[in-house]
K.L.:
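Got a structure here, written out as structure tokens. Questions coming.
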Amino acid sequence: MDINELRGIHSLVIMAMFFGIIWWAFSAHRKKANEEASKLPFSDDDDEVAKRTLEQEKTEKKQ
């Protein structure tokens with residue numbers, strides 16, 4: 001077994017891992033989690049945003 005065969009095997013393993021991750025990410029049992037994650041940017045309340053802004057300003061002043 002020479003280096004070129006090892007490179008070929010390595011490429012096949014990496015490609016299989018890539019397709020496995022794609023299959024996992026878009027599978028039906030992940031649909032609910034993906035929908036929840038897609039709504040996260042829009043779920044912030046104005047009070048929470050203001051609170052986080054104040055906390056961030058306090059930490060910036062301390063530095």
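Basis for what follows: all heavy atoms, side chains included, without hydrogens, waters or symmetry-related copies.
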K.L.:
Please answer: with hydrophobic residues joined when any side-chain heavy atoms are less than 4.5 Å apart, are M17 and I9 in the same cluster?
P.N.:
yes

K.L.:
Report the distance from atom CD1 of I22 to atom OG of S27, rounding to the nearest 0.5 Å.
P.N.:
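Output value for this atom pair is 11.5 Å.
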
K.L.:
Under 4.5 Å between side-chain heavy atoms, counting indirect links through other Ile/Leu/Val/Met/Phe/Trp/Tyr residues: same cluster for M1 and L12 or not?
P.N.:
no

K.L.:
Take atom NE2 in H10; do more than 12 heavy atoms of anything else shown fall under 6.0 Å from it?
P.N.:
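Atom NE2 in H10 is not packed in, count stays at 12 or less.
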
K.L.:
When rounded to the nearest 0.5 angstrom, what distance separates CZ in R30 from CD in E35?
P.N.:
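One finds 12.0 Å between CZ of R30 and CD of E35.
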
K.L.:
Is a donor on one side and an acceptor on the other found under 3.5 Å between the side chain of N34 and the backbone of F26?
P.N.:
no

K.L.:
Please report the interatomic distance CG(D2) to CZ(R7), rounded to the nearest 0.5 Å.
P.N.:
9.0 Å

